[in-house]
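A short write-up of the structure that comes next.
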Amino acid sequence: MPIVTETIDAADALAILLGQLRTMIEGSTHPDAKTFDAEKWLACWVHTAQPGLGASSPVDLIETKAGLRQVQRLLATAQTGAYP
């Protein structure tokens, strides 16, 4: 029996990540938060290999729900300073 992997449209996944990032920025007290370009940063970040993703880039993982959750967890770690 084949393993069924729940997929998600990449555009929808990017919108979810952008929403998460905007929420993180809204809660930030950093002086540059008001002028931070979330869209530009995310567009670059999702194409960059991440050690916390086993050297995969986020864009390689976000088309499955499990992969998106993994990327969301990694993004959330940036807010706490525990970014791998």
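Here, residue 1 is the first one in the sequence, and each next residue gets the next number. Every value quoted in this text rests on a predicted model; they were computed, and no experiment measured them.
The minimum heavy-atom distance between V59 and H47, with the atom names listed, is CG1-ND1, 3.7 Å. For T48 against P58, the heavy-atom pair with the smallest separation is O-CD, 3.3 Å. Contact between Q20 and Q72 at its shortest, heavy atoms only, is NE2-O, 2.9 Å. When every heavy atom of G52 is checked against every heavy atom of L74, the shortest pair comes out as CA-CD1, 4.1 Å.
Proximity of V71 to L53: side-chain heavy atoms (C-beta onward) are separated by under 4.5 Å at one or more points.
To the nearest 0.5 Å, the span separating NZ on K65 from CZ on R69 amounts to 8.0 Å. To the nearest 0.5 Å, atoms CD1 (I62) and CG (L14) are separated by 4.0 Å.
Judged as a side chain to side chain donor-acceptor pair (under 3.5 Å), not a single pair has a partner in residues 26-35 (not counting sequence neighbours).
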> Taking it one step at a time, do L21 and W45 satisfy side chain to side chain contact (heavy atoms under 4.5 Å, CB included)?
Replying inline: CA-CA 11 Å; L21 181 57; W45 183 78; over 6 Å; no

> When you look at L17 and L68, which way does the side chain to side chain contact (heavy atoms under 4.5 Å, CB included) test go after all the steps?
Replying inline: CA-CA 8 Å; L17 292 173; L68 176 59; 3.9 Å; yes

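S57 pairs by the side chain to side chain donor-acceptor pair (under 3.5 Å) definition with D60, not counting sequence neighbours.
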